[in-house]
Number of protein chains: 2
Amino acid sequence: MATNPLSEPSVTLSEQVFEALQSAIVTGDLKPGDKIREPELAKRFGTSRGPLRDALRRLEARHLVTNTPNAGARVVSLSRTQLIELYQVREALEGMTCRLAAANMRDSEIEELAELLDRHEAVVRRKAGAEYFQQEGDLDFHFRVAMGCKNDLLRSALCEDHYHLMRLYRHKFSNRSGRPRRALAEHRMILEAIRDRDGELAELLMRRHIRNARKTFEKVFSDPDAPGDNDDTEKAGR
Amino acid sequence: MATNPLSEPSVTLSEQVFEALQSAIVTGDLKPGDKIREPELAKRFGTSRGPLRDALRRLEARHLVTNTPNAGARVVSLSRTQLIELYQVREALEGMTCRLAAANMRDSEIEELAELLDRHEAVVRRKAGAEYFQQEGDLDFHFRVAMGCKNDLLRSALCEDHYHLMRLYRHKFSNRSGRPRRALAEHRMILEAIRDRDGELAELLMRRHIRNARKTFEKVFSDPDAPGDNDDTEKAGR
DNA sequence: TTTCCCGATATTGTTAACAAAACGGATCTC
DNA sequence: GAGATCCGTTTTGTTAACAATATCGGGAAA
């Protein structure tokens, strides 16, 4: 898949490039650590460097791109330590989110969340590709809780600033050794707390849930003091 | 004073414009809601529109500027609701920050924090302009805790993304009716918890501290068009 | 061979001009 | 007189060229 189409002519070009680039990063078309050469990408998207630079700045705000003055931009590449830091931020943010969701989510939203978990359960029961789908499903669950908290600043911090970063690294978010099944059980407990409108419990459970995911991650990737950003698929090509 | 000098020739122009514009916003030279006309500001800073637009995108990431396509940028103007949302985000983020600071702050940093509080106490004792200085001091305290948490993602979220927004609205952050004195006492308790390396307590106290500030704010700026009593948890659609 | 310096080349930073869209005011219609 | 419509102006979006900086490779000296 070389070039993204850049649809929707009415909206601004910067916007389209932004969406296309973000998509390219999250889907792995551009890999972590890849250098971003402005002329090359501009030509690829059929635009000039102006809108491209504009898009780069926005991606920088979402931590999907890092920029060093006079040296150019690269697709972000998180070390093990940074991933752990992300878990900690999520624990804080999503804990609060969940507390607010218990207070502010609409009954209909709660029911939809329950149905979502039912579908996840069916997938996990079938066992077929459970790990992978559970990854997407996990993000989906957290996404919906964020949408339900009715705090716009929190929602945007999660769904816009951090969500795509999580998507980018979801394959590293622990999905082994029966974790999907446990995660689903934790989701169920959180849902029940929200249903009971028990914000305090909902927050506690969400924090524990994310903390558990972090601990599993730390165990699986237990390189003590390796830099972390280099392993399987790697190296800025040329 | 009309024009900021744009010092430091070695660094990039975008960077300088970014700093100057941010300063102009936080100091009140540009006021919330002000329209930002690119040609005007570019001329004021003695640059072209390119670097200015670049700076605008970065300020957008820090929520200091809002941009609507084809209609231009404005200095952000937070509603009462949005300010409350900011308090909630701070409660979550700074709670975690404080927990980590208790674990990771160096002894020397803790001592400097203690000295800072001593200075604040002297100011508050003298009563002279206590409210104002306590504002800056309060931010200073929170800033240092964030610096001490040793989680770079958290630190940047607080010190870069939200700090300047808080500075912009610090005069609205409750500083009346003896709150500075109480805030100082709360700071002292937080410091003690950090000193004891008691992360759990430090987080609890910091969250309570910010929650108290929020409640005072909500009382002082009570919603004019809210019908009944204020409900902490419920929020009508906007 | 290794190291350092230097210049060719590529990439980023910046500018000014052009295109398109929004804004404001005067005029016209009802 | 109220409201809609058109047109000139202003402002934003986009482009291509120019300037400054960094990168890379080759060659000279130790």
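Values reported hereafter were calculated over all heavy atoms of this structure, with side chains retained and with hydrogens, waters and symmetry mates removed. A, B, ... follow the sequence lines: proteins, then strands. Residue 1 opens every chain.
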Less than 3.5 Å apart, any donor N or O on the side chain of B:His142 or B:His162 sitting next to an acceptor on the other?
no
Using distance alone, with no hydrogens and no angle criterion, decide if A:Asp140 and A:His120 have a side-chain donor and acceptor under 3.5 Å apart.
no
Would you indicate, yes or no, if D:dT12 has its OP1 or OP2 atom less than 4.0 angstrom from a side-chain nitrogen or oxygen of B:Lys35?
yes
Give a yes/no answer on whether the side chain of A:Thr12 brings an N or O atom under 4.0 Å of OP1 or OP2 in D:dT12.
no
Atom-pair distance (NZ on B:Lys43; C1' on D:dT11), nearest Å:
14 Å
May I ask you to decide whether A:Arg44 forms a salt bridge with A:Glu40, counting only side-chain N to carboxylate O separations under 4.0 Å?
no
Round to the nearest Å and state the distance from B:Phe45 atom CZ to C:dT15 atom P.
14 Å
Do the side chains of B:Glu94 and B:Arg155 get close enough for a salt bridge, i.e. N-O under 4.0 angstrom?
no
Using a strict cut-off of less than 4.0 Å between a Lys/Arg side-chain nitrogen and an Asp/Glu carboxylate oxygen, indicate whether B:Lys150 and B:Glu109 qualify as a salt bridge.
yes
Determine the contact category for A:Ile36: base if any of its heavy atoms lies under 4.0 Å from a base atom, sugar-phosphate if only primed atoms, P, OP1 or OP2 are that close, otherwise nothing.
sugar-phosphate
Decide whether B:Arg62 and B:Gln22 meet the rule of one side-chain donor and one side-chain acceptor closer than 3.5 Å.
yes
Tell me the interatomic distance from B:Glu15, atom CD, to D:dA20, atom P, rounded to whole angstroms.
20 Å
Residues within residues 48-57 of chain A bordering DNA chain C, heavy-atom distance below 4.0 Å
A:Arg49, A:Arg53
Please report, rounded to the nearest Å, how far the C1' atom of D:dT21 is from the CG atom of B:Leu13.
14 Å
May I have the distance from A:Arg37 (atom CZ) to D:dT21 (atom P), rounded to whole angstrom?
22 Å
Are OP1 or OP2 of C:dT15 and a side-chain N or O of B:Thr47 less than 4.0 angstrom apart?
yes
How would you list all residue pairs meeting salt bridge (charged side-chain N to carboxylate O under 4.0 Å, His left out) that involve residues 13-28 of chain B, not counting sequence neighbours?
B:Glu15-B:Arg58
Rounded to whole Å, how long is the line connecting atom CG of A:Asn67 with atom C1' of D:dA22?
14 Å
When rounded to whole Å, the CG to P distance for the pair A:Asn70 and C:dA10 reads 19 Å
Between C:dT11 atom P and A:Glu38 atom CD, what is the distance in whole Å?
11 Å
